[in-house]
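So the structure is just underneath, and the comments pick up after that.
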Amino acid sequence: MAEPPEPAGAGAQQKEKQKNKTKKKAATAVGESELLTVPDGWKEPPFTREDNPKGLLEESSFATLFPKYREAYLKECWPLVQKALSEHYVNAMLDLIEGSMTVTTTKKTFDPYAIIRARDLIKLLARSVPFEQAVRILQDDIACDIIKIGSLVRKRDTFIKRRGRLLGPKGSTLKALELLTNCYIMVQGNTVSALGPFSGLKETLMIKRELSKDPELRSQSWERFLPKFKRKNLKKRKEPKKKNTKKEYTPFPPPQPESQIDKELASGEYFLKERQKKRKQVQEIKAKQADAVKKRQEERNKAFIPPMEKPVVKAKKASTEKKIDIEAIKEKVKNAKKKKLGALPVEEVKLKMAADEKKKKKKK
């Protein structure tokens with residue numbers, strides 16, 4: 001039997017219902033995308049004692065070891081660490097004998113996440129992060145991550161090369177990463193310590209930073225904008241350091257190497273007695289010692305060998321071209337004998353003596 005025909009308005013009603021469903025789905029999708037995005041300038045309210053007035057029921061503690069070379073630095077900055085943790089009512093202990101740091105909660109601790117931040121603080125200090133940077137982990141909007149890079153590569157040489165590539169020439173690559181991610185990055189040994197905001201720990205490319213500024217592309221996938229690198233297997237055969245050259249073919253096998261007994265038979269040592277063998281060994285040892293002493297003595301005697309003197313330059317003979325006036329020299333000598341240097345001539349002395357006698361007579 002044929003089915004009864006549908007009324008004319010039934011198809012239009014179904015179409016309108018479908019349209020309404022699609023509109024609702026689109027509205028819910030827009031609402032979810034808006035919920036996922038964080039508005040600019042929004043900050044999470046701080047956790048206060050009013051949120052947890054009764055405090056914690058049990059005591060929690062964490063401990064970590066530190067290397068020997070960090071002992072001196074931790075000993076200096078430990079009062080600052082205790083002061084920073086006391087603001088969150090967390091105790092800190094430094095054990096120099098065992099080489100460990102321990103943090104524990106107290107009865108006054110009200111923030112349950114404070115002990116986790118204290119644990120991250122001592123971990124960063126153990127990984128050579130300075131206190132000025134590590135203390136930032138106690139803030140609400142700062143997180144940290146310690147990445148183990150030692151087990152990524154099997155060979156030690158390739159690991160050192162890749163770690164150097166991460167640092168870059170004079171640390172330029174590491175500084176660029178810090179500027180892009182707004183994080184503090186510390187490469188130490190087999191680990192990399194990163195400290196900064198949550199979004200900065202995930203971002204490592206400049207493209208991501210530029211795309212985050214666009215409000216339309218903020219909630220979309222960025223994979224189509226990121227570069228894709230393909231591995232190229234270059235089939236270049238590496239030349240070996242030692243090249244094996246083929247020798248000329250001979251039907252005869254190579255001569256068998258002589259054994260120790262054959263060598264002793266050839267030199268005649270095989271027929272010697274044990275005492276004679278020992279005596280010969282002692283003589284060889286003494287001969288080697290004598291040579292070593294002789295060389296040592298020669299090196300010591302080098303310090304007592306006088307250096308080579310420079311050849312003496314002979315003075316040029318005075319030229320006899322100039323004539324010497326002998327008579328003038330004789331007269332000068334005679335005058336010098338008559339009067340002493342710095343003394344008055346004879347006539348002046350006589351006049352002075354006469355003047356002195358007259359003065360004496362007048363006084364009388």
Side-chain angles (χ1 to χ4, degrees), residues 38-49 51-52 56 60-67 69-94 100-106 108-149 166-168 171-206 208-209 212:
V38 179
D40 296 332
W42 181 86
K43 286 185 179 181
E44 189 177 354
F47 193 87
T48 58
R49 185 173 285 279
D51 298 324
N52 187 15
L56 304 177
S60 302
S61 65
F62 288 100
T64 185
L65 299 173
F66 60 87
Y69 62 86
R70 291 289 291 170
E71 184 177 330
Y73 180 79
L74 291 172
K75 199 174 179 180
E76 288 180 2
C77 71
W78 197 248
L80 298 173
V81 175
Q82 287 178 328
K83 187 179 179 182
L85 291 174
S86 64
E87 294 176 359
H88 299 270
Y89 303 102
V90 176
N91 287 337
M93 292 177 65
L94 178 66
S100 64
M101 294 179 283
T102 310
V103 287
T104 55
T105 56
T106 59
K108 293 183 180 180
T109 309
F110 60 89
D111 189 358
Y113 201 74
I115 189 65
I116 305 297
R117 291 188 188 130
R119 179 202 63 184
D120 293 340
L121 174 63
I122 59 175
K123 277 187 179 180
L124 291 169
L125 289 171
R127 296 311 309 156
S128 297
V129 177
F131 170 75
E132 292 78 9
Q133 294 290 340
V135 77
R136 291 170 56 202
I137 195 63
L138 299 176
Q139 300 174 13
D140 291 337
D141 56 344
I142 300 295
C144 73
D145 192 8
I146 297 171
I147 306 154
K148 293 179 181 179
I149 59 173
L166 178 64
L167 294 169
S172 58
T173 307
L174 196 66
K175 287 178 184 176
L177 285 170
E178 288 180 351
L179 291 170
L180 290 172
T181 58
N182 293 325
C183 295
Y184 174 81
I185 303 169
M186 179 75 181
V187 180
Q188 178 69 21
N190 296 331
T191 58
V192 177
S193 303
L195 178 73
F198 294 96
S199 59
L201 292 173
K202 294 179 182 178
E203 293 176 4
T204 54
L205 291 172
M206 190 183 288
K208 287 187 176 182
R209 192 170 185 179
S212 64

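Just so you know, these numbers come straight off a predicted model, no measurement behind them. Nothing fancy with the numbering, it's 1 onward along the sequence.
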Look up atom [atom1] in [X] and atom [atom2] in [Y], then write down how far apart they are to the nearest 0.5 Å.
X      : Y      : atom1 : atom2 : value
Ser193 : Ile147 : OG    : CD1   : 8.0 Å
Thr104 : Asn91  : OG1   : CG    : 4.5 Å
Asp120 : Ile115 : CG    : CD1   : 10.5 Å
Ile116 : Asp111 : CD1   : CG    : 10.0 Å
Tyr89  : Leu56  : OH    : CG    : 13.0 Å
Phe110 : Thr48  : CZ    : OG1   : 7.0 Å

Side chain to side chain donor-acceptor pair (under 3.5 Å) partners of [X], counting only residues at least two apart:
X      : answer
Asp140 : Arg117
Thr106 : Thr109
Asn190 : Arg156

Quiz item: Can you name the residues that form a side chain to side chain contact (heavy atoms under 4.5 Å, CB included) with Thr173, not counting sequence neighbours?
Solution: Pro169

Shortest non-hydrogen contact from [X] toward [Y]:
X      : Y      : answer
Lys123 : Thr64  : N-CG2, 4.4 Å
Val103 : Ala92  : CG1-CB, 4.3 Å
Cys183 : Gly196 : SG-CA, 3.8 Å
Ile137 : Ile142 : CD1-O, 3.8 Å
Leu179 : Asn182 : O-OD1, 3.6 Å
Ala118 : Leu85  : CB-CD2, 3.7 Å

Quiz item: Should we count OH of Tyr113 as having more than 12 external heavy atoms under 6.0 Å?
Solution: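 Incorrect, the count does not exceed 12.
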
With a 3.5 Å distance limit and no angle check, can you tell me whether [X] reaches the backbone of [Y] through a side-chain donor-acceptor pair?
X      : Y      : value
Arg49  : Lys108 : yes
Thr105 : Ser60  : yes
Thr181 : Leu177 : yes

Can you give each donor-acceptor pair under 3.5 Å made by side-chain atoms of residues 126-134, sequence neighbours left out, with the distance rounded to 0.1 Å?
unit_1, atom_1, unit_2, atom_2, d
Arg127, NE, Thr191, OG1, 3.0
Arg127, NH2, Gln188, O, 3.2
Arg127, NH2, Thr191, OG1, 3.1
Gln133, OE1, Arg136, NH1, 2.8

Exercise. Please collect all side-chain hydrogen bond (donor to acceptor under 3.5 Å, both in side chains) contacts where either partner lies in residues 71-86, sequence neighbours excluded, each pair once.
Key: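 Non-adjacent pairs meeting side-chain hydrogen bond (donor to acceptor under 3.5 Å, both in side chains): Lys68-Glu71.
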
Exercise. Check whether any side-chain heavy atom of Leu121 lies under 4.5 Å from a side-chain heavy atom of Phe62, and answer yes or no.
Key: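 Heavy-atom side-chain distance check fails, nothing below 4.5 Å.
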
